[in-house]
Amino acid sequence: MMNSRPTPLIAIHGGAGTIRAGAADAGQEHEYHAALRDILTPPQRLLADGGSALDAVCLAVELLEDCPLFNAGHGAVFTHDETHELDASVMDGATLRAGAVGCVSRVRRPVRAARAVMEHTEHVLLVGAGAEALAERLGLEMVSRDYFSTDARREQLRRALAADQALLDHDAASLVFRSPTAPLDEDRKLGTVGAVALDARGNLAAATSTGGMTNKQPGRIGDSPVIGAGTYADNRTAAVSCTGTGEMFMRVAAAHDICARMAYGGLSLEQAARQVVMEVLPAIGGRGGLIAVDAQGNLSMPFNTEGMYRGFARAGEAPRTAIFG
Ligand code: ASP
């Protein structure tokens, strides 16, 4: 056999949704493509230089958390009580180690706190004050609770309250963000961000971060920080990061189900991912999509909405980005 080292690969998503009525113009779409490309470049370089898949997905999600176009980190949605509660997770496919945080409201980049849980505790999931205390003790950047607040999100909550609905993340955004800057209809868009990667040693990793749902009940946690639901990584099968109606993704253990179909049923990554997104989730009304990569470098990015902000970059190749089908 010649050199069988895999070509490193990073893939990211910034939420799934429906094409905007009255279609966005090319300039507006360009802004999203440019942001996705900019975010892909540093983790692509990291992987090309021999960095780990774990470092690459954390870096990608931190950049997504900081980018105002995507709803994780700064600009998080409000809960019913006008607070912010952020969820994030990370998983290392080489060791099956995982870390996650739920309901944090003072950690600037929740994915770093998730990694801290994995690396500095014997636990997998810490929530609320306990998670924040760990982050603070380890010197992660803490912010005041209003760091995440924006006027637009506050207005979005007001509208959701008036409609008496708990709205999925960006589902409510177009009630406010009617600016023509979003190619996907903000009324129908889901807003979690995530990343999956394969490194040169053949290791896989996945990470996911979200602000959750507008007007969600305080204390609600979705699929994003639940290992096996919104995030999973196992070198023997795949690394997966999901976005969509979190409760349904939890009910079918969506991310792990893909790995299980590959392991037990011998399905390819593409077959397993498509079954879960196009059959299993719709059967219970689940909407959204996911990104997944396997140890051979196969990539799958299915969604059952009209679009999903997404992109990938293999080492040595130009990043590719897409929004629609
Ligand atoms: N899955 C996320 C949640 O339920 C929402 C999303 O993807 O936008 O919190």
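All ligand and atom numbering here is 1-based and tracks the order in the structure.
At least one N or O atom of R220 sits closer than 3.5 Å to an N or O atom of ligand 1. Looking at T210 next to ligand 1, no N or O pair under 3.5 Å apart turns up. Considering backbone and side-chain atoms together, G246 places an N or O closer than 3.5 Å to an N or O of ligand 1. The shortest N/O to N/O separation between E247 and ligand 1 does not fall below 3.5 Å.
In terms of modelled atom types and a separation under 3.5 Å, the side chain of D92 and the main chain of A94 share a donor-acceptor contact. Put simply, the side chain of E85 gets close to the backbone of G219: a donor and an acceptor are under 3.5 Å apart. With hydrogens and angles ignored, the 3.5 Å screen pairs no side-chain donor or acceptor of T245 with any backbone N or O of E247.
Contacts between K216 and ligand 1 below 4.0 angstrom, taking non-hydrogen atoms only, are absent altogether.
Crowding of R320 atom CZ: a count of heavy atoms from other residues, nucleotides or ligands under 6.0 Å not exceeding 12.
Those atoms of ligand 1 that come under 4.0 Å of a heavy atom in T243, given as number and element, are 6 (C), 7 (O), 8 (O). The distance from ligand 1 to the heavy atoms of D223 drops below 4.0 Å at these ligand atoms: 1 (N), 2 (C), 3 (C), 4 (O).
Results of the salt bridge (Lys or Arg N to Asp or Glu O under 4.0 Å) test with D55 over R112, R45, R115 single out R115 as the only residue that passes.
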message = If you apply the rule side-chain hydrogen bond (donor to acceptor under 3.5 Å, both in side chains), what do you find for S224 with T208, and how did you get there?
response = CA-CA 6 Å; S224 304; T208 309; 6.0 Å; no
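The cluster map of Ile, Leu, Val, Met, Phe, Trp and Tyr, joined by side-chain heavy atoms under 4.5 Å apart, puts F303 and F249 in different clusters.
By the 4.0 Å heavy-atom criterion, G244 is counted among the residues contacting ligand 1. Ligand 1 lies less than 4.0 angstrom from a heavy atom belonging to G212.
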